[in-house]
Every structure is written in structure tokens, then in C-alpha cells.
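Beneath this line is the structure, given in C-alpha cells, with notes to follow.
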Amino acid sequence: MIKIATWNINSIRVRLPLLLTWLKETQPDIVLLQETKTTDDQFPKEDIENLNYNIALNGQKTYNGVALLSKYPIEDITSGIPGFEDEQARYIEAVIKGLRVASIYVPNGSEVGSDKYAYKLRFLQALYAHTKTLLTYDEALILGGDYNIAPTDLDVYDPQEWHEKILCSTPEREGLRSLLHLGLTDSLRETHRDEKDLYTWWDYRAGAWQNNFGLRIDHLLLSPQAADLLKNTSVDKPIRSVEKASDHAPVVCELDI
DNA sequence: ATGGTTGCAGCGCAA
């Protein structure tokens, strides 16, 4: 069994002690991190390497930044979506143990109709085009990360309040749905079919965590070859409740490899 | 509630 997690960690430097504790407790084989918020030279590699993880980075100063951690060698690393010019560090892909994985930080989009929103939709189009190529390889593939999109109203604590708002607007949802229609499986929803209150992000503000006002915006999307191996997926909620938590909880799946 | 909180960097911006 191989355990793969995605986690928007919201600053690797602030969250390092929590990450180290979590790695020891959870023992994931592969971790896809987003929002590391630091340059590669500032990334605290040593403490993570001491827990026997290999590391691949696509970082930047202040904003964004993605990383791969793996107990197995990381090969064939690609930073950025091929064919998509982007000065923001939001994508890293590699092959680990014959499994192709990507850590993806889809733009938040700020507000529907804004420039940042247009950039989000362009990013999704580029991800769609690249995914189409990846799927021609007919291999086990995991596209994990913070998609900043709640796929349906079931994934939102208050669909009325969020109606056509950022993270929930129809064009964003269509972008994610078109990705899924290429043949990807939303592993958490696959293993928790009609379950309500299944969230991965809770706003720091207004007591969202305490009230369970969450959205499910972090996803592990699996190619058919990977989906065939899927045993379980879960949200690690306890780590969201601690002091100095990230505003996102990890999503963890197990593949029968 | 055009609020609320957090992180980075150097106090406004992004989420």
C-alpha cells in the first residue's frame, strides 16, 4: 500500500514543526504541498530529509510555491505546466515509483470577473490541455492539489451564500468538471459518495472552523490506472484543529501498490 | 458584517 497526501500548508517555514510531527505520525509515502511561500534556497530541506524524504521544489518568494516530498526517488521533474507561460510557481510534476504525480496550486481567482479570475480560468485551460497529453501515456497518474474549486453544492457548507461566488462559480466548476470528464476520478468523492460536511478548507476568519463552515476545494484526481488501485481517501481533520494550523486539511489516499 | 484572520514583508497584498 502506498499513501499519498495533498496539503496546502500555507507557509512551509511557519508550518515546519507541524509538518514534521504530521509526517512522523501519518507516514505518507508521497506528499504534494502547496503555498510553501518561499524560494527554493530558503526551503527547510534538512529536517524533512532527516525523516528520509526526497524533495523536489518549485518555489517563489512570498506567494505560491509547490513541492513534492517522497520516500522514494523523484525522477523526471517538470516545473510549471508545459506550454503555459507563468511566472507564478503553481505546478510541479514528477515520476515516483512508476507513478506520475503533480502538486498543483490553482489560482484562487479573488473575485468572479476580476483579472485574477481570468487568469484562474486560463490556468485551468492549460491544465486541461496538459492533462489530455498525460492521459495518453496510459499510466497511473495523480493530479493533486489545491484546486480552489468546490465541485458541487454538496461540497459547500452554505451553497446559497456561496452561489456564483469565487470557488463556486459555474465557469470554475465547468473547468474542473471538464478535467474530470477526460477520465479522472475525484478520489475523495469516489470513496465518500453522498457524504455531507466533507470539507478541506475552513477560513481563518469568523469562526469558520469552530462552526464547520468549510468547502471541499483540495482534490486528488486519479487516472483510470490509478483509480483501479484506490483503496481509501480521507480528510485529516485533526491537524486543522491544532494551534498554528494551516487553513487547509490534508487529503490522503491509499493505493494498492 | 465590504467584516473577520493569517503570512509575508516591511504595512499593503493575497488568500
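Computation of the quantities below employed the complete heavy-atom set of this structure, encompassing side-chain atoms and omitting hydrogens, waters and symmetry-equivalent molecules. Within every chain, numbering begins at 1; the chains are lettered A, B, ... in the order of the sequence lines, protein sequences first and strands thereafter.
Note: CD (A/Gln42) to P (B/dG7) measures 17 Å, nearest angstrom. Distance CZ (A/Phe123) to C1' (B/dA15): 16 Å, rounded to an integer number of Å. For A/Asn211 and B/dG4, the CG to P distance is 16 Å, given to the nearest whole Å. Rounded to whole Å, the distance from CH2 on A/Trp209 to C1' on B/dT6 is 16 Å. One can place OH of A/Tyr204 at 7 Å from P of B/dT6, the figure rounded to the nearest angstrom. As rounded to whole Å, 17 Å separates atom P of B/dC13 from atom CD of A/Gln60. Look at CD on A/Glu111: it is 14 Å from C1' on B/dC13, rounded to the nearest Å. For the pair A/Asp146 CG and B/dA14 C1', the interatomic distance rounds to 13 Å; values are reported in whole Å.
Below 30°, between 30° and 60°, or above 60°: for A/Phe84 and A/Phe123 the angle between ring planes is above 60°, a perpendicular geometry.
The same atom, C1', is picked in B/dT2 and in B/dA15; the two are 16 Å apart, to the nearest Å. Across the P atoms, B/dA1 and B/dG10 are found 36 Å apart, a figure rounded to whole Å.
Taking 4.0 angstrom as the limit, A/Thr62 places none of its side-chain polar atoms (N or O) nearer than this to OP1 or OP2 of B/dG7. Distances shorter than 4.0 Å separate none of the side-chain N or O atoms of A/Arg90 from OP1 or OP2 on B/dA14. Within the structure, a side-chain polar atom (N or O) of A/Lys116 is placed less than 4.0 Å from OP1 or OP2 of B/dA14. Distances shown here put a side-chain N or O of A/Arg15 below 4.0 Å from the OP1 or OP2 atom of B/dG7. Distances shorter than 4.0 Å separate none of the side-chain N or O atoms of A/Lys37 from OP1 or OP2 on B/dA14.
Salt-bridge check for A/Asp186 with A/Arg216: passed, with a basic side-chain N closer than 4.0 Å to an acidic carboxylate O. Salt bridge A/Lys116/A/Glu111: absent, no basic N to carboxylate O contact under 4.0 Å.
Comparing A/Arg205 and A/Asn64 along DNA chain B, the residue whose closest nucleotide (by nearest heavy atom) sits nearer the 5' end is A/Arg205. A residue-by-residue look at A/Asp247 and A/Arg13 shows that A/Arg13 has its nearest nucleotide of DNA chain B further toward the 5' end.
Residues forming a side chain to side chain contact (heavy atoms under 4.5 Å, CB included) with A/Asp197 (at least two apart in sequence, or on another chain): A/Tyr199, A/Asn212.
Here A/Phe213 lies out of heavy-atom contact (under 4.0 Å) with every strand.
Side chains of A/Thr170 and A/Glu164: a donor on one and an acceptor on the other come within 3.5 Å.
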